[in-house]
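Scroll down for the structure; my scribbles are underneath it.
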Amino acid sequence: MATHTMIAHSSSSALAASSPLKETLPLFTTRSLTFPRKSSFSRFRLRFFVEKLSQLDSSNGCASLQDSGEHLTEEHDTKEESSTLSITVVGASGDLAKKKIFPALFALFYEGCLPQDFSVFGYARTKLTHEELRVMISRTLTCRIDQRENCVDKMDQFLKRCFYHSGQYNSEDDFAELNTKLKEKEEGKLSNRLYYLSIPPNIFVDVVRCASLRASSVNGWTRVIVEKPFGRDSESSGELTRCLKQYLTEEQIFRIDHYLGKELVENLSVLRFSNLVFEPLWSRNYIRNVQLIFSEDFGTEGRGGYFDQYGIIRDIMQNHLLQILALFAMETPVSLDAEDIRSEKVKVLRSMKPLLLQDMIVGQYKGHSKGGKAYPGYTNDPTVPKNSLTPTFAAAAMFINNARWDGVPFLMKAGKALHTRGAEIRVQFRHVPGNLYKKNFATDLDKATNELVIRVQPDEGIYLRINNKVPGLGMRLDRSDLNLLYRSRYPREIPDAYERLLLDAIEGERRLFIRSDELDAAWDLFTPALKELEQKKIVPELYPYGSRGPVGAHYLASKYNVRWGDLEDA
Ligand SMILES: NC(=O)C1=CN([C@@H]2O[C@H](COP(=O)(O)OP(=O)(O)OC[C@H]3O[C@@H](n4cnc5c(N)ncnc54)[C@H](OP(=O)(O)O)[C@@H]3O)[C@@H](O)[C@H]2O)C=CC1
Ligand SMILES: O=C1O[C@H](COP(=O)(O)O)[C@@H](O)[C@H](O)[C@H]1O
């Protein structure tokens, strides 16, 4: 029986440690994995995807696993009938579970992406009945705007598969009771279990311990999705990894960075590697700088207690923006296999210079009144200490010391309570040498360079800023956009990042999850500067709520002869 628990056996851990870049299937899963990597389930999805290409305009690319089954292979059919999937959302009473996880699970069900036989369990300390959980969940479920048929029926069917178990996070007995309830639903079939840790990080290890010892699958796989933050620095992150690996193998841990599940971030590699026009330009020879920009037009309201422990650099830069940077800058992977892609990302991170304090600036928003409305400052939040120095804004310049990117500044900027909400990647190209048309620009030649903008959100799109002749008898040039606006080109709702990531975890597809060596490399880049910032008690530059952020960000950019593209656009 021991081989069936979630405990990482020394042999499998040793194997994983000796060859971290190779996939090693955990011992307890080898006998009976229903959906191993490149499984029939994944292949099925791919095949169905191809078969259904003609219908893709109205679907989100997922096959119906609950419908007639006319496309199922025999192999798939048999496994489907004999296996069950239980998804347990730990911290089910919380904000993320309500806002993102349950709605994403419903969307997958609605799209026919969940296996035939599944159940969803909520687990938290709050006392709730099954019915109360269903009422709570139902408030945040929505159907796709472009596919509303049978919405109410589908919601009812989904809610009937949702159950609740109340328990403590550190009680093995409570998890043993959960196990009994899971087994009742599984009815002796081959059972696969997915846990989603939607809880504060200080209880991650307790939950993993209890779940692994008392509520892991005995005959199928058990996987755990872990939400960030993965520690506060290299040491605490390393410690978290070590603790998790006492109970789980690396293959069971799915560290989520939901930005990797965003449509335009997924598309980054497609854009680069399947278009001849981009890849040859993707280097220091043509690219002058790259900007990764995140902004929110609201403050930390309601999350001040969490945020003050972390700050914007840990909350956004060290994970979301750095992950995008790694995908953007990596070399062509050997294949689209998760390990090949993650290995290329690690190489980028390891080639980078750790961030220096002189290459960053920090800010914090202050209260502001506009149009008769008062917006609170960060330290007005009752859960934030009055003298907090935690940055709510940061800008940083980073460099990759490799042949492709030597000397190219990668500028990051992230802030809360700014004038707008958005996330984008801006690629500013060098100027055309000896430009024949330099006299015909109404503007400074230096400003008339090409810019590729990948707008991750909102209004997903990609546009390329080019120089163009203004129609007419004269010869005047201006900058215009070749614009791929998703809402016009693909008039269907884009799935939420959590849908994609949950589906991948169910399928055992690790490509969009963070491997432990990636995480280590990411922390190594930020930890020294974060420590220095805190030791030196650097005072953040104040900026008004709803503004464009501190002016220091411009000085930082101009140090590298860069202009922030988002501000030029405004
Ligand atoms: N909310 C968001 O938008 C995002 C959240 N995250 C991460 O996801 C995880 C969950 O986030 P979120 O839902 O906002 O978190 P919550 O603070 O809402 O916590 C989730 C649940 O955990 C339990 N809980 C809360 N505090 C404690 C505590 N101190 N000790 C024990 N149990 C506690 C509560 O359930 P009960 O009391 O019923 O047991 C609560 O409902 C966190 O790791 C967070 O950092 C990541 C990205 C975005
Ligand atoms: O991880 C986080 O992301 C959200 C922003 O996510 P988005 O998908 O809405 O852009 C951010 O608000 C939060 O502070 C951070 O923890």
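For this chain, numbers begin at 1 and follow the sequence in order. Atoms within a ligand are numbered from 1 in the order they appear, just like the ligands themselves. This is a predicted model, so every value here is computed, not measured.
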Nearest-contact summary for [atom] - protein heavy atom, Å:
{"atom": "atom 25 (C) of ligand 1", "answer": "Pro200 CG, 3.6 Å"}
{"atom": "atom 3 (O) of ligand 1", "answer": "Lys99 NZ, 3.0 Å"}
{"atom": "atom 12 (P) of ligand 1", "answer": "Leu96 N, 3.8 Å"}
{"atom": "atom 8 (O) of ligand 2", "answer": "Lys262 NZ, 2.6 Å"}
{"atom": "atom 13 (C) of ligand 2", "answer": "Arg303 NH1, 3.2 Å"}
{"atom": "atom 39 (O) of ligand 1", "answer": "Tyr169 OH, 2.6 Å"}
{"atom": "atom 35 (O) of ligand 1", "answer": "Ser93 OG, 2.9 Å"}
{"atom": "atom 12 (O) of ligand 2", "answer": "Glu296 OE2, 2.6 Å"}
{"atom": "atom 9 (O) of ligand 2", "answer": "Arg421 NH2, 4.0 Å"}
{"atom": "atom 3 (O) of ligand 2", "answer": "His258 CE1, 3.3 Å"}

Which option out of [options] puts a heavy atom nearest to [atom]?
{"atom": "atom 44 (C) of ligand 1", "options": "Lys228, Glu227, Lys98, Arg125", "answer": "Lys228"}
{"atom": "atom 18 (O) of ligand 1", "options": "Asp95, Val226, Leu197, Val90", "answer": "Asp95"}
{"atom": "atom 6 (N) of ligand 1", "options": "Lys127, Arg303, His320", "answer": "Arg303"}

Of all the atoms in ligand 2, which lie at a distance below 4.0 Å from a heavy atom belonging to [X]?
{"X": "Lys416", "result": "11 (C), 12 (O), 13 (C), 14 (O)"}
{"X": "Asp315", "result": "13 (C), 14 (O), 15 (C), 16 (O)"}
{"X": "Lys228", "result": "1 (O), 2 (C), 15 (C), 16 (O)"}
{"X": "His320", "result": "1 (O), 2 (C), 3 (O)"}
{"X": "Gln457", "result": "7 (P), 10 (O)"}

Partner residues of Lys228 under the salt bridge (Lys or Arg N to Asp or Glu O under 4.0 Å) criterion, sequence neighbours left out: Asp315
State plainly whether the residues [X] and [Y] are in salt-bridge range, i.e. N to O under 4.0 Å.
{"X": "Glu518", "Y": "Lys345", "value": "yes"}
{"X": "Glu460", "Y": "Arg487", "value": "no"}
{"X": "Arg426", "Y": "Asp566", "value": "no"}
{"X": "Lys531", "Y": "Glu235", "value": "yes"}
{"X": "Glu227", "Y": "Arg255", "value": "no"}
{"X": "Glu251", "Y": "Arg515", "value": "no"}
{"X": "Glu296", "Y": "Lys416", "value": "yes"}
{"X": "Glu534", "Y": "Arg314", "value": "yes"}
{"X": "Glu266", "Y": "Arg511", "value": "yes"}
{"X": "Arg214", "Y": "Glu177", "value": "no"}

Close approach, Tyr259 and ligand 2, non-hydrogen under 4.0 angstrom: yes
Contact (N/O only, under 3.5 Å) between Pro229 and ligand 1: no
Test: Arg134 cationic atom under 6.0 Å from Phe163 six-membered ring centre, within 45° of axis: yes
Ring-face cation contact, Phe121 with Lys181, 6.0 Å cut, 45° max: no
Closer than 4.0 Å: a protein non-hydrogen atom to atom 15 (O) of ligand 1: no
Flag: protein heavy atom within less than 4.0 Å of atom 1 (N) of ligand 1: yes
Can you list the atoms of ligand 1 that are under 4.0 Å from a heavy atom of [X]?
{"X": "Ile203", "value": "31 (C), 32 (N)"}
{"X": "Thr126", "value": "36 (P), 37 (O), 38 (O)"}
{"X": "Ala124", "value": "38 (O), 39 (O)"}

Over 12 foreign heavy atoms within 6.0 Å of NZ, Lys386: yes
